[in-house]
**Q** 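Dumping the structure here so I can ask a few things about it.
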Amino acid sequence: MPVNSRQEQKSSSVYPGRKRRIAGAFKVSRARRTPAPTKLLLGLLVTILLLSGCSDSSWAGAGKIVPPANNRSPLQGEWIVKRELETGRRQEGGSQTWVGKTAQFAPDVAALGEYVWHNPDYKIKRVNSTDYLMSKYLNLSSPMVPNGREVYVITLSSAENFLVEVMEIDPSHAIAFIQNRALYLKKVSPQVDLPLIAAIAGGGPLAVEGSSSASSGVLLGLRAPVTAMLNGKPSRQYVYRTLWLASGAGKLRPVLQRQDIFFPRRSGFWQLEVRWVEEAARTEDVFLAYDVATKTPGKEKPALDSGWWSDRAGTLQRKIDYVGNDYVAVENDGEGTWTKGGGTWTKQDLQLLPVDKISSSVGIKLSDLAGKRGAAVFSAARAQASRLLSREGFSDQEADPFEQDFGLIRRNGHWYFQGRINYRGQGKPAHMDFNVNLIPPGKLIFYDTLYLSWQKVKDRVPDAVDAFTSPNRNLALILTKSKLYVYAMQEGQLSGSPEARISLRTGESVVMAEWATGVYVENWEKAFLADGAKVLPQ
């Protein structure tokens, strides 16, 4: 932290010098012969120096330096929320309006809107504004947002739990990030209004964000392969389930589970099911997505896409790779024959489907998500992969290569874009996947921050294949091929031993991680239980 580091340097430059002067005094007293009165006076001075030196023990320990006390908050004063900035993320708190509310920061108290935190810890880091704001999915075209320069980011935590993060634009303007909202602040006074803070703190159960800020929960979607009989032959299918893992007041709650994917949207909680549908010579994995508050499970009748199957017969298996608030990434694997004219067809592509049109056979374009710049980055990555295939003697089989054939892959604790090229290898349909150096936008992925380095994850769990951390940094999930470990986090580190060990099915992997914090944890858990979730036996 820059403030403390300067204080430590100042302290260390004074105390060692004092030691050197004391040592010099001893040297002079031994080297010269002086009359007795002079010796007596010099001895008295040496004694005074020794006593004064020993009275400050900050240098007496083994290298311990105590910097001078700092009684000011890095954001000291009263601020007002001038506006909310567009982040492209789902925003918690419904229609809550922040504009016009105050933010106040002092060493022993901090307040933002209706929330008050006592004895917060302030940590400062210096970052590049563009890189930092991209990680927050903030619209960089806003004239209020600094671009391409170094800024200070102040993180507030209480009881070792993350509360809010503030990026200082200049001494009078800042951007606060809370509940996945970006609030533009303007400083109105260098002093805090303590009576106002006291009034807010006495305003109700939501006023003081103490135990609720330490709460976090996650809806974790899992996919596992199973073997099923299809047309008299064994075939690989996939089953899905959702776990609810939550921690509050430093204690892990009972783990809940239900089949299928249960996920949050702006309109409420939805359910995603995959059903195997057979009609004549056509079979397909069909997706059903519906609002659990308005539709009853089992009454939805799945149907094949008549347009896509109009001149085809065969089998189409579909695997979910990712579930978000508004989009689902899928992988298709199908083959069959043309009913008109003969011949065979194959389908081995990736798609991103909107939840509201989950049964569509047409995916969305990458440019609709990432814009022209994102489409250009994707096109360049695909062209490089295509050249590699060409050198191997294979040719691209896709006429429209980079508009829809893409999806998401999970690697080292993050989601990444992935593209695919279809070609023929040794006379058979084949495909090659390639990575794309492009951060998925906020409209696609709501939260994807890992507050642990991948090296720290592997140091603790050497066979880890994936990891997740909560937005308030108090809960971590680490997955191996056979186990899900749930850890508490303190000061950015994993606790000594896992809070829970959950067995995973063979080949099971994560397709969704949706986090709730604070007061929303209780709401999500109640909604999950109301929709049929049960306690997972341990």
**Q** Will you find, in the side chains of N332 and R318, an N or O donor that is under 3.5 Å from an N or O acceptor?
**A**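 A donor-acceptor contact under 3.5 Å links the two side chains.
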**Q** Can you tell me how far OG of S482 sits from CZ of R501, rounded to the nearest 0.5 angstrom?
**A**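 The distance works out to 12.0 Å.
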**Q** Check the pair W276, D285 against side-chain contact (heavy atoms from CB on, under 4.5 Å), reporting the backbone distance first and the verdict last.
**A** CA-CA 5 Å; W276 186 247; D285 285 315; 2.9 Å; yes
**Q** With heavy-atom distances below 4.5 Å as the criterion, would you say the side chains of Q493 and K456 are in contact?
**A**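 In short, these two side chains touch, coming nearer than 4.5 Å.
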**Q** Do the side chain of T469 and the main chain of T449 share a donor and acceptor less than 3.5 angstrom apart?
**A**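 Yes; judged by distance alone, with no hydrogens or angles, the pair exists.
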**Q** Can you tell me how far the OG atom of S386 sits from the CZ atom of R391, to the nearest 0.5 Å?
**A**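 Going from OG on S386 over to CZ on R391, the span is 10.0 Å.
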**Q** Quick one: closest heavy-atom pair of A289 and L272, and the distance?
**A**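 It is CB-CD1, 4.1 Å.
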**Q** For the side chain of S470 and the backbone of L475, is there at least one donor-acceptor N/O pair under 3.5 Å apart?
**A**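 Yes, the answer is positive, given that a donor and an acceptor are paired below the 3.5 Å cut-off.
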**Q** Hey, does the side chain of W345 reach the backbone of T337 with a donor-acceptor pair shorter than 3.5 angstrom?
**A**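 Confirmed, W345 side chain pairs with T337 backbone.
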**Q** I'd like to check the ring pair (Phe, Tyr, Trp, His ring centres under 6.0 Å) partners of F528; sequence neighbours left out, ordered by chain and number.
**A**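 Ring pair (Phe, Tyr, Trp, His ring centres under 6.0 Å) list for F528, sorted by chain: F262.
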**Q** Return yes if some donor-acceptor pair links the side-chain N/O of Q351 with the main-chain N/O of S361 below 3.5 Å, else return no.
**A**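 Yes, Q351 side chain to S361 backbone: donor-acceptor pair under 3.5 Å.
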**Q** State plainly whether the residues R266 and D326 are in salt-bridge range, i.e. N to O under 4.0 Å.
**A**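 Salt bridge present between R266 and D326.
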**Q** For A464 and I478, which heavy atoms make the closest approach, and how far apart are they?
**A**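 Heavy atoms only, the tightest pair is CB-CG2, 3.6 Å.
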**Q** What orientation do F434 and F378 show, parallel under 30°, tilted 30 to 60°, or perpendicular over 60°?
**A**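 Tilted: the ring planes of F434 and F378 meet at 30° to 60°.
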**Q** With side chains defined as the heavy atoms from C-beta onward, is the minimum distance between R460 and L452 less than 4.5 Å?
**A**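 The answer is no, as the side chains (C-beta and beyond) never meet within the 4.5 Å cut-off.
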**Q** Look only at the side chain of W338 and the backbone of T344, and say whether a donor-acceptor pair between them is shorter than 3.5 Å.
**A**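 Checked: pair present.
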**Q** Counting distance only, does the side-chain N/O of H414 pair as donor-acceptor with the main-chain N or O of D448 below 3.5 Å?
**A**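 Between the backbone of D448 and the side chain of H414 there is a qualifying donor-acceptor contact (under 3.5 Å).
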**Q** Which residue is it: Y447, F468, Y322? I am looking for the one with a ring-ring contact (aromatic ring centres under 6.0 Å, His included) to W415.
**A**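 The ring-ring contact (aromatic ring centres under 6.0 Å, His included) with W415 is passed solely by Y322 among Y447, F468, Y322.
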**Q** For atom CZ of R149, is the number of surrounding heavy atoms from other residues, nucleotides or ligands below 6.0 Å larger than 12?
**A**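 Check passes, neighbour count above 12.
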**Q** Does K82, at its NZ atom, have more than 12 non-hydrogen atoms belonging to other residues, nucleotides or ligands within less than 6.0 Å?
**A**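 Not more than 12 within 6.0 Å, no.
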**Q** Supply the atom-to-atom distance K251 NZ to S215 OG, rounded to the nearest 0.5 angstrom.
**A**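 So the gap between those two atoms works out to 13.0 Å.
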**Q** Just do the side-chain contact (heavy atoms from CB on, under 4.5 Å) check on V355 and F287 with the steps written out, would you?
**A** CA-CA 10 Å; V355 171; F287 299 140; over 6 Å; no
**Q** A quick test of your reading: do over 12 heavy atoms of other residues, nucleotides or ligands sit less than 6.0 Å from CD of E165?
**A**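 Yes, CD of E165 has more than 12 neighbouring heavy atoms, counting only those of other groups under 6.0 Å.
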**Q** Within the 4.5 Å heavy-atom criterion, are E508 and L484 side-chain neighbours or not?
**A**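 A side-chain contact under 4.5 Å is absent here.
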**Q** Any donor-acceptor pair under 3.5 Å linking the side chain of R382 with the backbone of G419?
**A**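 Such a contact is absent between R382 side chain and G419 backbone.
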**Q** Go through the steps for Q404 and D349 under the test side-chain hydrogen bond (donor to acceptor under 3.5 Å, both in side chains), then give the verdict.
**A** CA-CA 9 Å; Q404 296 181 17; D349 61 353; over 6 Å; no
**Q** Flag yes if more than 12 heavy atoms outside K458 fall under 6.0 Å of its NZ atom; otherwise flag no.
**A**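 Counting neighbours around NZ of K458, more than 12 heavy atoms of other residues, nucleotides or ligands fall under 6.0 Å, so yes.
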**Q** Does K347 reach the side chain of W308, with side-chain heavy atoms less than 4.5 Å apart?
**A**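 When only atoms from C-beta onward are counted, W308 and K347 do touch, with a gap below 4.5 Å.
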**Q** Can you tell me if D405 uses its side chain to pair, donor with acceptor, with the backbone of L350 under 3.5 Å?
**A**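 Such a contact is found between D405 side chain and L350 backbone.
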**Q** Quick one: are N325 and E514 in side-chain contact, heavy atoms under 4.5 Å?
**A**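 Sidechains of E514 and N325: in contact.
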**Q** Provide the closest heavy-atom pair for D305 versus S360 in the form atom of the first, atom of the second, distance.
**A**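 Of all heavy-atom pairs spanning D305 and S360, the closest is OD2-C, 4.3 Å.
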**Q** Mind listing the closest non-hydrogen atom pair of M167 and V153 along with its distance?
**A**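 Nearest heavy atoms, M167 then V153: CG-CG2, 3.9 Å.
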**Q** Would K319 and R236 count as a side-chain contact (heavy atoms from CB on, under 4.5 Å) here? Give the steps.
**A** CA-CA 10 Å; K319 178 178 71 173; R236 170 168 287 194; over 6 Å; no
**Q** Answer yes when R223 and D321 have at least one side-chain N-carboxylate O distance shorter than 4.0 Å, and no when they do not.
**A**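 Yes.
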**Q** So does G413 get a backbone contact from the side chain of R410, meaning a donor-acceptor N/O pair under 3.5 Å?
**A**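 Yes, R410 side chain to G413 backbone: donor-acceptor pair under 3.5 Å.
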**Q** Can R282 be said to sit on top of W309's aromatic six-ring, NZ or CZ under 6.0 Å from centre and within 45° of the ring axis?
**A**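 Negative - R282 is either too far from the ring of W309 or too far off its axis.
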**Q** State the CD-CG distance between Q418 and D433, to the nearest 0.5 angstrom.
**A**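 The CD atom of Q418 sits 4.0 Å away from the CG atom of D433.
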**Q** Look at the rings of Y238 and Y240 and say which category their plane angle falls in: under 30° parallel, 30 to 60° tilted, over 60° perpendicular.
**A**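 Judged by the thresholds at 30° and 60°, the geometry between Y238 and Y240 is tilted.
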**Q** Closer than 4.0 angstrom, basic N to acidic O: yes or no for D368 and K443?
**A**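 No salt bridge links D368 with K443.
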**Q** Between F394 and I421, does the side-chain contact (heavy atoms from CB on, under 4.5 Å) criterion hold? Intermediate values first, please.
**A** CA-CA 11 Å; F394 303 114; I421 296 178; over 6 Å; no
**Q** Measuring from R265:CZ to F263:CZ, what's the distance to the nearest 0.5 Å?
**A**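 Output value for this atom pair is 6.0 Å.
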**Q** What are the two closest heavy atoms between L252 and A246, and how far apart are they?
**A**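 Nearest pair, atom of L252 first, then A246: CD1-O, 3.2 Å.
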**Q** Would you please indicate if the ring centroids of W524 and F269 are separated by under 6.0 Å?
**A**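 Yes, they do, as the ring centres are separated by less than 6.0 Å.
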**Q** Could you tell me whether R275 and D260 have a side-chain N and a carboxylate O separated by less than 4.0 Å?
**A**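 Answer for the salt bridge query: no.
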**Q** If you compare all heavy atoms of L366 against all heavy atoms of L438, which two are closest, and at what distance to 0.1 Å?
**A**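 Taking L366 first and L438 second, the nearest heavy atoms are CD2-CD2, 4.5 Å.
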**Q** Output yes when a side-chain donor or acceptor of T315 lies under 3.5 Å from a complementary backbone atom of T283, and no otherwise.
**A**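 No; judged by distance alone, with no hydrogens or angles, the pair does not exist.
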**Q** Does V461 reach the side chain of L494, with side-chain heavy atoms less than 4.5 Å apart?
**A**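 Side-chain contact under 4.5 Å: no.
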**Q** What class does the angle between the rings of F406 and F417 fall in, given that below 30° is parallel, 30 to 60° is tilted and above 60° is perpendicular?
**A**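 It falls in the perpendicular class, over 60°.
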**Q** Any side-chain heavy atom of I261 within less than 4.5 Å of one from V328?
**A**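 No, too far: nothing below the 4.5 Å cut-off.
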**Q** Roughly how far, to the nearest 0.5 Å, is CZ of R253 from CG of L245?
**A**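 Interatomic distance, L245 CG to R253 CZ, rounded to 0.5 Å: 12.0 Å.
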**Q** Taking C-beta and beyond as the side chain, do P429 and R424 meet within less than 4.5 Å on heavy atoms?
**A**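 The answer is yes, as the side chains (C-beta and beyond) meet within the 4.5 Å cut-off.
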